[in-house]
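Taking it in order: structure first as structure tokens, then the write-up.
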Amino acid sequence: QVQLVESGGGLVQAGDSLRLSCAASGRTFSNYAMGWFRQAPGKEREFVASISWNGRSTSYADSVKGRFTISRDNAKNTMYLQMNGLKSEDTAVYYCAAASRYWHTNDRSDYDYWGQGTQVTVSS
């Protein structure tokens, strides 16, 4: 299995930027499709972005398209989420996840391993 640890969250103002990181350990990182999800208070966990095992394919939720960029460095066993133009509605706990059975997926149920999450708070 793989262990995931998120970092980089914090309190920022609307319009600011943040970069989240997800460090993986355990099994070979490049074997996994990876994704970012988020959960706001009182809401279900939702898809944010995903990336294929080799980094060549990415997908984004409509709400973040053009503002967020997902990437990965397989040599460093790390995935990133660059978030620009943050809005108050981006406030949530952000989770990284790994999927072992798919080369690229947006479906929350396809992900096998999850991190503990990092809080992102955007003040307006």
Test side-chain hydrogen bond (donor to acceptor under 3.5 Å, both in side chains) applied to [X] - qualifying residues, sequence neighbours left out:
| X | answer |
| --- | --- |
| Glu46 | Arg38 |
| Thr118 | none |
| Thr121 | Gln119 |

Look only at the side chain of [X] and the backbone of [Y], and say whether a donor-acceptor pair between them is shorter than 3.5 Å.
| X | Y | result |
| --- | --- | --- |
| Thr91 | Val122 | yes |
| Ser63 | Ala61 | no |
| Gln82 | Thr69 | no |

Straight-line distance of [X] [atom1] to [Y] [atom2], nearest 0.5 Å:
| X | Y | atom1 | atom2 | answer |
| --- | --- | --- | --- | --- |
| Ser124 | Lys87 | OG | NZ | 13.0 Å |
| Thr78 | Met34 | OG1 | CE | 9.5 Å |
| Ser57 | Ile51 | OG | CD1 | 8.5 Å |
| Leu4 | Ser25 | CG | OG | 7.5 Å |

List the steps, then state whether side chain to side chain donor-acceptor pair (under 3.5 Å) holds for Ser50 with Asn106.
-> CA-CA 6 Å; Ser50 63; Asn106 299 344; 2.6 Å; yes

Testing the basics here: between [X] and [Y], what is the closest heavy-atom pair and its distance to 0.1 Å?
| X | Y | result |
| --- | --- | --- |
| Asn31 | Trp53 | C-CB, 4.4 Å |
| Met79 | Cys96 | CE-CB, 3.5 Å |
| Arg72 | Ser30 | NH2-CA, 4.0 Å |
| Asn54 | Ser52 | OD1-OG, 2.8 Å |

Hey, mind stepping through Asp90 and Arg67 against side chain to side chain contact (heavy atoms under 4.5 Å, CB included) and telling me if it holds?
-> CA-CA 11 Å; Asp90 295 319; Arg67 299 188 297 124; 2.7 Å; yes

Are Trp36 and Glu6 close enough that some pair of their side-chain heavy atoms sits under 4.5 Å apart?
->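 With C-beta onward as the side chain, the pair touches.
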
Heavy-atom side-chain proximity of Tyr60 to Phe47 below 4.5 angstrom |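 No - every pair of side-chain heavy atoms lies 4.5 Å or more apart.
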
Check step by step if side chain to side chain contact (heavy atoms under 4.5 Å, CB included) holds for Phe29 and Lys76.
-> CA-CA 9 Å; Phe29 178 67; Lys76 295 183 178 179; over 6 Å; no

Can you list every ring-ring contact (aromatic ring centres under 6.0 Å, His included) pair that touches residues 66-111, not counting sequence neighbours?
->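 ring-ring contact (aromatic ring centres under 6.0 Å, His included) check on residues 66-111 returns Phe37-Tyr111.
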
Mind jotting down which residue pairs meet the salt bridge (Lys or Arg N to Asp or Glu O under 4.0 Å) criterion with at least one end in residues 104-115? Sequence neighbours excluded, please.
->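 Counting only pairs at least two positions apart or across chains, the salt bridge (Lys or Arg N to Asp or Glu O under 4.0 Å) contacts touching residues 104-115 are Arg101-Asp112.
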
What salt bridge (Lys or Arg N to Asp or Glu O under 4.0 Å) pairs are there with at least one residue in residues 50-63, not counting sequence neighbours?
->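 Listed by first then second residue: Asp62-Lys65.
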
Who else is in the cluster with Val5 when I, L, V, M, F, W and Y are joined by side-chain contacts under 4.5 Å?
->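 Answer for Val5: none, a lone residue.
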
How does the hydrophobic cluster around Leu11 look, that is, which other residues are in it when side-chain heavy atoms under 4.5 Å mark a link?
->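 Its cluster partners, ordered by chain and number, are none at all.
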
Looking at residues at least two apart in the chain, or sitting in another chain, which of them share a salt bridge (Lys or Arg N to Asp or Glu O under 4.0 Å) with Arg45?
->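 Here no residue qualifies.
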
Result block: side-chain N/O donor-acceptor pairs under 3.5 angstrom for residues 12-22, not counting sequence neighbours:
from	atom 1	to	atom 2	distance (Å)
Asp16	OD2	Gln13	N	3.1
Ser17	OG	Asn84	OD1	2.9

